[in-house]
Every structure is written in C-alpha cells, then in structure tokens.
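Below is one structure, written out as structure tokens, with a few remarks after it.
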Amino acid sequence: MQSLPKKYDFGEIEAKWQRKWEEMGIYHFDWKDKTRPVFTIDTPPPYPSGEFHMGNVLNWAYFDILARYKRLQGYNVLFPQGWDCHGLSIEIQVEKEHKIRKRDVPPDQFRKWCEETVDKYIALMKTGILKMGCSVDWTTEYRTMDPDYWRRTQLSFILLHKKGFMYQGTHPVNWCPRCETAIADAEVDYEKREGKLHYIQFSLKNSDENLLIATTRPEFIPACVAVEINPEDTRFKNYIGNEIIVPIVNRTVPIVADESIDPSFGTGVVMICTYGDKEDVKTVKKHKFPIVRLLTENGRINENGGKYAGLSISQARRTIVEDLKNFGFLQKIEKHSHEIGVCDRCKSHVEILEVKQWFMKTRILTKQVEAAANDVVWYPDYMKIRLVDWAKSLDWDWVISRQRVFATPIPVWYCNSCGEILVADETWVPIDPKLEKPRVDGCPKCGKNDFIPEQDVFDTWMDSSITCAVHAGWPDRSDWQRLFPADVHPSGIDIIRTWAYYLMVRHLALFDEKPYKSCLINGMVLGSDGRKMSKSLKNYVASPEVLKKYGSDSTRQWAAGGGATGSDIPFRWPDVEYGRRFLVKLWNVSSFANKLLQDYATKKTDDCEVLLLDKWLLSKSARMIQTVTEAMEKCQFNIAIEEIRNFTWHIFCDSYVEAVKDRLYRPEIYGESKKKAAQKVLYDVIYRILQLLSPITPHLTEEIYQSMFSNRMGYKSLQITPWPKIENALIDEEVERQGDLIIALITEVRREKGEKRLPLNTQIMNLTIYAGDKETAEIIKQGKDDIVGTLKVVDMILRQEKGEGREITRYPNIHFIAEY
Ligand SMILES: [Zn+2]
Ligand SMILES: [Zn+2]
C-alpha cells in the first residue's frame with residue numbers, strides 16, 4: 001500500500017488521470033467484444049460555439065456519469081463524440097469577422113473560412129470536455145463538415161427520397177431575410193416585442209361608408225387580398241359579401257366571414273395579406289384567396305409593391321404610414337406589444353415566403369412519433385409530453401433545404417431541357433453536384449446531357465438527426481443494428497423539439513424503428529439570481545474559471561447534485577465549494593485509514609471479531625449501495641450524490657471512524673481480532689464509497705484507489721471494477737437501531753465535553769450510564785469497547801434502571817453522569 005500525499009491537489013491529480021486513462025485506453029469501445037452487453041450513448045454532437053459553457057458542463061457531466069456507471073455495471077460502453085459543424089451560426093460569425101455577406105466572396109473561400117472558425121471552436125470546446133475528465137472514446141471523433149460524414153447525410157436523403165419521404169415543392173416557409181434562407185419551425189423563436197397598431201380606413205365599394213382596420217403590419221397593404229370579420233359580430237355582419245377598397249393600392253377585395261377572427265382584437269375587422277404571418281397562410285388556403293408575393297428573399301418589397309418596390313420592410317412601413325397619413329386614411333397609431341417569430345440564430349423578424357424548397361414529409365409520421373415516444377423511457381417521465389405536443393403542433397412539413405453555403409450539398413441536378421429532377425445514386429456519395437456532373441449518359445427522361453446542379457444545401461439538422469444510426473456504425477458496419485436503437489439519447493430540455501424530434505422522424509422514416517430506448521433530459525443552468533445564465537444579465541460564470549478554481553470533481557458534484565434531473569439548476573459557488581470540502585474530507589479519512597491499514601491483509605479475515613458498530617456500519621453501507629444503485633438506474637444523480645455524501649461525511653467519518661479509532665490504535669487493550677474487524681470494515685467501506693462515487697468524481701476516487709486498493713483488488717483502474725452488488729443480507733434493521741443508540745450516546749457525551757470546553761480526549765474517570773431498562777442495557781453492553789475507547793473512559797458503570805444525569809437526545813430513557 002502506498003501512502004497518499006498529505007494534501008489533496010486536484011490540479012495535479014486530475015491532469016494525471018486524464019492522461020493515464022487515455023493511455024490505458026479504458027474508454028475505447030471494444031467493437032470485437034461480443035460477450036459483454038453493450039450500452040450506447042447518443043452523444044449529441046455540439047454546435048461549436050467556441051465556448052464550453054456551464055450548460056455544456058451540465059450536459060457532459062450527465063453523459064459521463066452515466067457512461068462511467070454503465071462501465072462499472074459491466075457494459076461495453078460506446079461514448080462517441082462528434083461535432084455538428086454546419087449551419088447559420090458559423091456563417092453569421094464568419095460574415096461578422098470578415099465584414100462580408102455570403103455572396104461577397106466565392107463559395108469556396110467562404111466555406112474555407114467557416115471550416116477554420118469551426119476548427120478553432122472545436123479545439124476550445126474539446127479542451128472543456130477533456131478538463132472535465134469525460135470518458136469519451138476519442139477514436140470515434142467525427143465532424144459533420146467532413147465529406148465522410150456528408151456521405152451519410154446524403155445517403156439518408158437518397159434513401160428517404162426513394163421511400164417517398166422527400167419532395168420538392170413551392171409552399172410557404174419561414175424565411176429569415178437577414179440570413180436569406182428558409183428555416184424550419186423549430187428554428188423560429190417567439191419573442192415579445194413592442195410594436196404599433198395602426199388604425200386605417202378602408203372604404204366600402206359603391207358606398208360612402210368606411211371600415212376601420214387595425215394592423216401591426218401596414219407595409220403589407222399592397223399584399224392585402226381580403227378583409228375578414230367574425231360572422232357572429234353584430235357590428236359588421238351586414239357587410240359580409242360586400243367589397244372593400246384597399247387604400248393606396250386601390251385594389252378591390254372581398255369582405256369574408258371567418259369564425260377564427262377575434263372580435264375583440266383591434267377593431268374586429270382584419271386585413272388578410274399574403275403573407276403577413278403564419279395565420280394568413282391557413283386563411284388563404286381555406287378561402288382560396290389569391291397570392292400576392294410581396295417580399296424578395298433579402299427582405300425587400302418586390303415589383304408587386306408598386307411604388308414601394310425596392311424598399312426594405314422597415315423603409316416600406318415608414319413610407320406607407322406616411323402616405324396613409326397624407327391621404328387621410330390613417331386614424332391613429334397605438335402602442336401594442338405582441339409576440340413575433342424571430343430567427344433563432346440572428347433574431348430577425350421571420351417572414352413567410354413562398355419559394356421552391358425541399359421538404360421531408362414529417363406530419364404523416366406524427367402518430368408513429370407519439371407511439372414511439374410512449375415506448376421510450378424518459379428521465380424524467382414528464383418530458384415525454386413535450387415531444388408529443390411539439391409533433392402534434394406542426395402545421396407544415398420540415399423544410400430541409402437552405403439557401404446557404406456552409407452545409408452538406410443536396411445531391412440533386414435538374415435537366416436543363418425538360419426539368420427532370422435527378423437524385424444521386426446511393427453509390428455516388430459523397431458528392432457535390434456543383435463540382436461534379438451526374439454519372440449518367442443523359443437525362444433519363446429526354447436523353448439530353450445538360451444538367452443544372454442544385455444550389456441549395458441541407459438544413460444542418462439533416463446532418464445531426466441520424467446520429468443514432470451513425471454512432472452504431474451505419475451504413476458501414478454490417479452489425480450496426482447491434483448498437484441500434486441507442487440505449488440513451490441525452491439532451492437539453494430546450495432542444496427536445498429539435499434534437500429528440502428530428503432524430504425520431506428521421507430514424508422512423510429510414511428504418512421503421514425508434515432511434516433511442518431512453519431519453520435523459522437536463523434542465524437549463526440558471527445564474528445565482530435564479531434567472532437564465534446570460535452574459536447580458538451579469539450572472540454569467542465561465543466554466544474555465546470554475547474548473548480552474550475548484551477542478552472537475554467538485555464542479556461535477558455541482559452538476560450532479562444541483563437539482564433533480566430535468567429541472568433547471570442554478571449555478572452557485574457555495575455548491576462547488578461544498579463539493580471541494582467533501583473531497584478534502586474523503587481524502588483525509590482515506591489518508592488516515594491508509595495508515596491504519598498498512599498491516600491489514602484482506603485474505604485472512606476469519607479471525608475478525610465483528611462488533612455491533614461494525615455490523616451497524618455494514619448495514620448502513622449496504623443500504624447506501626441500494627439507494628445509490630436505484631437512483632443511478634433512474635438517472636437521479638442528485639439523490640445518488642446526496643446519499644453518498646451524507647453517508648461518508650456523517651455516518652462513516654463523524655460516527656464510525658471516531659468510534660473505532662481507539663480499537664485501531666490500541667489492539668493491546670481490545671485484542672487483535674477486534675482491530676482486524678474495524679480494519680476490514682474501513683477497507684471494505686472506503687472501497688465501496690470510492691466505487692459509488694467514481695462516476696461523479698472520477699479523479700480523486702481513482703487516486704485513492706491506486707494508492708490503497710489497486711494492488712490487492714487487481715484492477716488497473718477503479719473505473720473498470722465491478723459495481724457493488726446490493727447485499728440485502730447485510731441490511732439489519734435491528735442492528736441499525738442498536739448502533740444508532742450507541743452513536744447517540746457517544747455523541748451526547750462528546751457534546752457535553754464540548755460544552756464544558758474540555759478537549760475531546762479528556763479522560764472520564766467514571767461514566768455512569770442509566771440505560772432505563774434491561775434490553776437497552778444489553779445493547780449498550782455490546783458497544784462498550786467503542787464507547788470506552790472513544791470517550792477515554794477509565795471506568796464505565798452500566799445500570800439497567802432509569803436514573804439521573806444528562807439525557808441522551810432522542811432517547812429520553814437513557815441518562816449518564818460523567819466524572820472527569
Ligand atoms: Zn436569421
Ligand atoms: Zn431531360
């Protein structure tokens with residue numbers, strides 16, 4: 001047995017084990033092993049943002065705790081790590097950095113800049129994952145921007161096209177005018193913004209009468225195709241069927257009844273424009289109104305806007321409001337706060353545009369999504385409904401094409417003569433249609449050999465929504481289905497509607513199988529003020545600062561113990577500090593025990609004389625193993641860490657170790673066999689604590705294991721020892737009840753010494769204990785050695801009867817008198 005350094009230096013220990021674990025290769029998934037059961041984690045490849053923030057710390061702590069726990073349970077664990085590189089965020093970053101827009105430079109140059117930015121960001125985030133000591137299998141690392149990955153994205157598209165899930169069509173889509181691309185429903189955030197409600201006079205045709213209309217978007221007047229009224233609204237129902245003249249553009253439109261109109265909003269008369277918002281899309285479809293396309297793809301008014309053509313949306317609004325005022329149509333403007341859809345990447349107001357796009361049929365899968373969601377185990381269970389509700393709420397299919405540069409190319413060409421769509425063959429991928437011609441002799445329809453490549457690219461979610469299959473080895477490993485569905489998909493509460501959902505529809509469509517068996521959800525990290533952590537709120541804490549100050553093991557305790565799984569977790573420095581104090585306590589008790597265990601041989605334990613407190617601790621320890629195992633099985637990491645810390649700190653260190661010290665120090669008085677019993681318990685229980693704790697605080701537990709246990713236990717790392725079995729035979733309520741009594745007695749006498757300001761090792765010449773009854777006296781007798789030893793009693797007198805003296809807390813029948 002080696003000795004432990006006196007001081008716990010987390011910096012040195014953590015760096016050392018992070019290096020050694022990698023050298024040992026213990027986190028490599030063994031693809032050849034067909035004996036151990038497998039456990040696959042669908043690590044969501046993070047979007048490289050350049051920062052591994054506290055939210056990421058919480059995510060990866062969950063992933064890693066689970067991975068380590070399953071390894072101890074004997075599983076061959078696949079803990080992969082990829083990077084979800086493509087997408088708007090990086091493009092926006094590059095545009096800002098180089099002060100350009102995507103069209104200002106050749107696409108190759110733009111892509112190269114994006115790749116450089118991604119690489120820089122990946123390096124920063126990888127440092128965070130390494131510093132946390134995550135047991136990632138780095139041989140699995142991949143980047144979705146590499147052609148080898150797009151091969152898989154493209155292949156999945158081709159297969160789904162064959163199955164009829166992919167189609168091209170001209171439909172209204174969410175459009176970000178700033179990013180100049182279509183975006184999916186999941187990429188639209190809703191924000192409350194201050195706006196204005198404009199009250200505008202519309203004149204009835206062939207009449208002197210006017211109707212007052214309230215709108216937040218007067219710039220859409222040139223696209224007004226109808227005016228609607230609720231048929232129950234007695235103020236206006238007589239006008240239904242009449243025609244009305246749209247001011248400024250002088251177009252005549254019908255007045256139509258629609259029960260969805262809210263009579264209490266504005267004036268109760270509503271103008272319908274194509275398309276002012278998502279509601280308009282429904283209305284236009286329902287009433288078959290004509291469509292007036294008003295916006296260009298970069299958010300300007302097009303030729304249908306007449307004199308306003310070429311203006312930006314905000315310029316058009318100002319000009320039109322000015323004109324309405326000048327012509328006397330504008331009655332008043334009121335302040336009005338309302339919720340609008342914004343681009344989740346750049347926060348610009350999302351518009352509705354009708355443009356040709358590629359779609360995936362997702363709504364036809366909603367029933368299957370619901371059934372699969374019910375089949376998945378959710379941690380916590382109430383998260384399931386979020387996925388189901390989201391799937392049911394979708395009005396449109398998933399628009400999968402984007403008008404951007406840095407993304408996986410859509411492997412499609414169009415025949416220049418007849419317009420035929422040519423989708424790449426499965427064997428051609430990876431392929432960029434802009435760089436390569438289709439590998440055919442001519443158009444399958446007209447025979448001509450003149451093709452136009454698809455310029456659009458895939459939504460980045462097309463890359464990241466096939467990870468369950470990709471991690472399992474699809475399509476290259478013939479036995480990939482051994483690892484599919486993934487055992488767990490861990491994810492944040494904020495991305496259930498994207499990650500959990502897209503994974504579900506893609507895999508269901510591709511393989512008729514749900515992608516994951518369970519879904520582990522973490523909440524958001526809040527600032528210490530209880531609000532969402534954010535740089536603008538000054539409640540922001542950067543993870544490198546935390547890791548530097550307290551190290552990974554303490555930080556991971558915060559993540560595990562900060563709150564129930566799935567709930568939002570505030571970041572509080574005292575939680576991390578508490579974690580560190582606990583580790584120091586464990587370090588010190590281990591160091592102390594290590595010295596007392598130098599002469600202990602595990603093999604020969606038959607000559608132990610096990611005393612009441614030994615049995616008491618073993619019972620409590622067995623109970624802890626049971627509680628922790630059950631909690632870990634349910635991914636309730638907070639329950640696990642609390643149980644271990646409570647047991648270690650209070651039951652083990654404060655009570656047991658204090659009570660058996662004398663037995664360990666002075667075998668000449670109590671006998672070798674009683675000392676050996678205490679040694680055995682110390683040894684076994686510390687080992688159990690280290691094991692149970694190791695998924696959460698892997699570094700410190702490994703360090704203690706290597707010094708105290710590795711030679712005898714024979715495993716090269718604590719991380720691959722077998723998780724302790726629940727030993728029900730050791731759980732003995734009677735023993736626990738009796739031991740509790742002894743500990744209460746010892747604690748009370750020590751408390752009295754403290755109150756008298758006597759050092760704890762002060763001798764008690766006479767300790768008279770009045771047990772109150774015969775049975776209690778018997779129990780106290782069993783604990784005599786440890787009572788006398790711990791309290792330094794020269795002469796202990798035990799009486800059965802009730803007596804005088806100081807009462808023991810929670811045991812009103814027991815009293816004692818100590819004479820010093
Ligand atoms: Zn945008
Ligand atoms: Zn053709």
Side-chain angles (χ1 to χ4, degrees), residues 47-49 84-104 110 113-114 117 161 168 172-193 275 277-278 295-300 312-314 339-357 396 398-407 411-425 433 436-454 456-462 494-495 497-498:
Y47 206 80
S49 65
D84 185 19
C85 310
H86 286 136
L88 268 175
S89 285
I90 296 291
E91 292 196 20
I92 293 171
Q93 194 58 37
V94 166
E95 286 176 339
K96 268 192 212 153
E97 249 171 56
H98 296 269
K99 300 193 176 60
I100 46 131
R101 284 296 185 95
K102 63 175 179 182
R103 288 189 223 288
D104 300 345
F110 190 75
W113 280 338
C114 289
T117 303
H161 186 264
Q168 199 180 31
V173 291
N174 300 301
W175 187 274
C176 176
R178 152 68 186 75
C179 301
E180 293 182 42
T181 183
I183 57 175
D185 282 339
E187 291 161 285
V188 179
D189 284 344
Y190 288 88
E191 281 186 2
K192 255 218 148 64
R193 294 230 175 133
Y275 295 104
D277 58 28
K278 228 173 148 179
L295 299 180
T296 65
E297 298 183 357
N298 59 356
R300 291 187 176 267
S312 71
I313 295 171
S314 51
E339 200 168 64
I340 60 162
V342 298
C343 169
D344 73 346
R345 297 295 173 198
C346 75
K347 304 296 168 199
S348 301
H349 192 155
V350 168
E351 300 292 350
I352 310 290
L353 242 58
E354 240 190 34
V355 269
K356 202 178 213 184
Q357 299 289 336
W396 300 342
W398 174 14
V399 53
I400 57 166
S401 46
R402 295 290 182 274
Q403 291 63 52
R404 298 295 310 188
V405 180
F406 185 49
V412 165
W413 298 260
Y414 304 93
C415 172
N416 204 9
S417 307
C418 72
E420 176 75 352
I421 297 171
L422 189 76
V423 175
D425 185 79
E436 269 191 75
K437 282 187 170 29
R439 296 169 197 169
V440 289
D441 295 331
C443 167
K445 197 166 157 199
C446 73
K448 295 233 171 60
N449 198 347
D450 183 10
F451 294 98
I452 305 166
E454 172 63 87
D456 287 357
V457 291
F458 283 125
D459 175 5
T460 183
W461 286 106
M462 281 289 283
D494 54 331
I495 48 178
R497 65 179 190 171
T498 45

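In listed order, ligands and their atoms are each counted from 1.
For E351, the side-chain hydrogen bond (donor to acceptor under 3.5 Å, both in side chains) criterion is met by R217, not counting sequence neighbours. In this structure, the side-chain hydrogen bond (donor to acceptor under 3.5 Å, both in side chains) partners of N298, at least two apart in sequence or on a different chain, are T296.
A donor-acceptor pair shorter than 3.5 Å cannot be found between the side chains of Y414 and E420.
We find that D344 and R178 are not joined by a salt bridge, their nearest charged nitrogen and carboxylate oxygen being 4.0 Å or further apart. Salt-bridge annotation for R345 and E187: absent, with no side-chain N of the basic residue lying under 4.0 Å from a carboxylate O of the acidic one.
Excluding waters, the protein N/O/S atoms found under 2.8 Å from the Zn ion (ligand 1) are C176 SG, C179 SG, C343 SG, C346 SG.
E95 places a side-chain N or O within 3.5 Å of a backbone atom of K102 that can act as its donor or acceptor partner. Using modelled atom types, no side-chain atom of R439 and backbone atom of E436 make a donor-acceptor pair closer than 3.5 Å. For R402 (side chain) and D459 (main-chain N/O), no donor-acceptor pair under 3.5 Å exists by modelled atom type.
The number of protein N, O or S atoms lying under 2.8 Å from the Zn ion (ligand 2) is 4.
Ring geometry for H98 against W113 counts as parallel: the plane angle stays under 30°, on a 0 to 90° scale with 60° as the upper cut.
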